[in-house]
Amino acid sequence: MFDTVGRLFSTAEHELFDMNKATLSGCVDIIVVKKSDGSFKSTPFHLRFGKLKILYTKGRLIEIWVNGKLTHLKMKLGETGEGYFEEIIFENQLKQKELPDDEELDIPNDNGFDTFGQKKIATPRWVVPPSDKQDSIKQDKQTSEVGAGGGFMQSDAPKYEVSLCGDPSFFSQNALSQAILFQKQKISQAEFDAQPDITSNPRLVLRVGDHYLPWATAARTMISSCAFGTPSSPLIENNIINLATQSMSSPTSFSRTLETRIPIRAVTVKKSIRPSSEGLLMLGLKPGVNSIKFIVKDDFGDQSIEGFIYLWDENKKIVISDVDGTITKSDVLGYILPLVGKDWSHPGIVSLYRNIERNGYQILYLTARAIGQADFTRRYLSDVTQDGEKLPEGPLITSPDRLMNSFRREMIQRRPELFKIAALRDVQSLFGNKQPFVAGFGNRDTDAYSYRAVGIELQSIFIINPKSEIHQLTCKYKKTYRKLNKEVDKLFPPTYIC
């Protein structure tokens, strides 16, 4: 009986430990800048699934949909409901070096991990096949794996791994691209067990050593292994021989240098919240605003959170706007009154922001509210209407922290600039040496401090009070949004004229 009670407590403790620690869900809008060299750089992909959507996060993948289309990019869920990418770090294990024919090199395996970050039992050896004979390929074991440039990585047995990376273009990629795509969508045992119909997924790919096979082809190999006890089928062995033959037929493949035979190995897999330039390219973004949806498949159906991702060029000019007390008339009532349908926005702000946008500037909305309030804040901004006009579209940057941490920093510590400066500098870094920020609107000294920290001139910082009176730091005269609107072409000259 005591054993049963102990097992029950142990199970309950385990379930509580694995439970999602976040409550609210949401995501921060993302800014992607296309550089002059064609590469891409983005702000972090901050998103969080709360327990109201996903109770247990372990082993779950996040699909990324852009403009209604599923992308090849995937994320994983952390224990507090946050999303992250797995970034693979590669390094060259062998440098270019002159070698005599038939020489074998022992590769130091300092970290004890193989090509894809898996623990190894034995240190592999790189065998340099002779360039003039195919029948002298050296093998210490019955099976072998082909290295990155045609040499052989000797190991005890082939390793079987699966991934959902099998789109039509996968098999035409180079070895490094295949390795990265495979690892990003690799399936763990928990994920495999949670998807009974995974073997019917046409994207399923089997990796044996360094070989990638679609499941339709690989199923024959697996059945052979199970039914007849053969660890690798003739199909795999023939592929290995064919690859070796093709490599040795090239006059430069097995020259006396290792320039074309440098094996590339992953030394670590780390969490990241920014995809690479290649990953951003896979999203298929169009210039301007794009919708983005993050979907997790749960036992109770698909759970999703939505936001926007903006693609800009390096010449974009940005006007920053705080939300609480700047668009709304006060910080606290700005939270509450919109919930009961009360408009609590400063008069004239919509017309001013609209005219700023028409002159070629982009509005960026910045608030220290928590990520769990992002959806509510987005809806509020889209609902603000004055004289038949709505606020212009623009990315909403919120704190990535959970509700209590953000509330404490904003309302108790009164230090929202800690987050705002960091967020603005992150956006600024996307533009290299260019200054994207031209002006900022806020309602506190901390807003002015944040804007100055990213290089905005004093005359371009506007601070508004609850009476809708605006102060410029270099001018003692009070203005309003409506008065500023009359001077909009002077304060914000059209960019197509500048």
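Remember, predicted model here, so these are calculated numbers, not experimental data. Index from 1, following the sequence.
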Out of curiosity, [X] [atom1] to [Y] [atom2], how far, rounded to the nearest 0.5 Å?
X    : Y    : atom1 : atom2 : result
D302 : K53  : CG    : NZ    : 11.0 Å
I305 : S25  : CD1   : OG    : 6.0 Å
L285 : L280 : CG    : CG    : 7.0 Å
Q185 : S163 : CD    : OG    : 5.5 Å
L283 : K69  : CG    : NZ    : 13.0 Å
T328 : D322 : OG1   : CG    : 8.0 Å

Between I320 and I456, is a side chain to side chain contact (heavy atoms under 4.5 Å, CB included) present by the stated rule, with each step listed?
CA-CA 10 Å; I320 308 162; I456 297 179; 3.7 Å; yes
Could you list the residues that satisfy side-chain contact (heavy atoms from CB on, under 4.5 Å) with P214, not counting sequence neighbours?
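By the side-chain contact (heavy atoms from CB on, under 4.5 Å) rule, P214 matches F171, T217.
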Could you tell me which residues satisfy side-chain contact (heavy atoms from CB on, under 4.5 Å) with K41, sequence neighbours excluded, listed by chain and number?
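L430.
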[Y] side chain reached by [X] side chain, heavy atoms, under 4.5 Å:
X    : Y    : value
I461 : Y449 : no
I327 : L391 : yes
K186 : V162 : no
V319 : V438 : yes
F182 : R207 : yes

Are [X] and [Y] within salt-bridge range, i.e. N to O under 4.0 Å?
X    : Y    : answer
R354 : E357 : yes
D29  : R378 : yes
E469 : K479 : no
K34  : E314 : no
D426 : R274 : yes

Would you call the rings of F462 and F492 parallel, tilted or perpendicular, taking 30° and 60° as the class edges?
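Rings of F462 and F492: tilted, 30 to 60°.
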From the options D447, T367, T446, select the one residue that forms a side-chain hydrogen bond (donor to acceptor under 3.5 Å, both in side chains) with K420.
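So the option named by the test is D447.
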Knowing that exactly one of K478, K329, H346, R482 qualifies, which makes a side-chain hydrogen bond (donor to acceptor under 3.5 Å, both in side chains) with S468?
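Among the candidates, only H346 passes.
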Minimum-distance pair of heavy atoms, taken over all atoms of [X] and [Y]:
X    : Y    : value
K184 : S276 : NZ-OG, 4.3 Å
I309 : S291 : CG2-O, 4.4 Å
I30  : P44  : CG1-O, 4.0 Å
P275 : F85  : CD-CE1, 3.5 Å

Go through the steps for Q386 and S345 under the test side chain to side chain donor-acceptor pair (under 3.5 Å), then give the verdict.
CA-CA 9 Å; Q386 294 176 355; S345 59; 3.0 Å; yes
Assess, by modelled atom type and distance only, whether the side chains of [X] and [Y] contain a donor and an acceptor separated by less than 3.5 Å.
X    : Y    : result
K434 : N315 : yes
T385 : K390 : yes
R369 : T377 : yes
D489 : N359 : yes
S272 : E86  : no
T80  : R48  : yes

Would the number of heavy atoms belonging to other residues, nucleotides or ligands and lying under 6.0 Å from [atom1] of [X] be above 12?
X    : atom1 : answer
D387 : CG    : no
D193 : CG    : yes
K35  : NZ    : yes
N433 : CG    : no

Using ring pair (Phe, Tyr, Trp, His ring centres under 6.0 Å) as the criterion, list what pairs up with Y365, not counting sequence neighbours.
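Once residues adjacent in sequence are excluded, Y365 has no partner under the ring pair (Phe, Tyr, Trp, His ring centres under 6.0 Å) criterion.
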List for me each residue that meets ring pair (Phe, Tyr, Trp, His ring centres under 6.0 Å) alongside Y84, sequence neighbours excluded, and say none if there are none.
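Testing Y84 for ring pair (Phe, Tyr, Trp, His ring centres under 6.0 Å), a comparison that skips the adjacent residues, returns none.
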Any residue meeting salt bridge (Lys or Arg N to Asp or Glu O under 4.0 Å) with E393, in chain and number order, not counting sequence neighbours:
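E393: no salt bridge (Lys or Arg N to Asp or Glu O under 4.0 Å) contacts found.
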Residues forming a salt bridge (Lys or Arg N to Asp or Glu O under 4.0 Å) with E306, sequence neighbours excluded
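Partners of E306 under the salt bridge (Lys or Arg N to Asp or Glu O under 4.0 Å) test: K293.
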is_close_aromatic(F441, Y353), centroid dist under 6.0 Å:
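F441 vs Y353: aromatic centres under 6.0 Å.
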Dump the intermediate steps for side chain to side chain contact (heavy atoms under 4.5 Å, CB included) on D401 and I371, then the final yes or no.
CA-CA 6 Å; D401 296 329; I371 192 171; over 6 Å; no
Start with the C-alpha distance between L181 and M282, add both sets of side-chain angles, then the distance that settles side chain to side chain contact (heavy atoms under 4.5 Å, CB included), and finish with yes or no.
CA-CA 11 Å; L181 290 172; M282 293 166 61; 3.9 Å; yes
Go through H72 and R203 one step at a time and tell me if the side chain to side chain contact (heavy atoms under 4.5 Å, CB included) criterion holds.
CA-CA 11 Å; H72 298 313; R203 295 171 56 85; 3.6 Å; yes
Under the ring-ring contact (aromatic ring centres under 6.0 Å, His included) rule, what do F437 and Y451 come out as? Steps first, then yes or no, please.
CA-CA 9 Å; F437 302 127; Y451 301 154; 8.6 Å; no
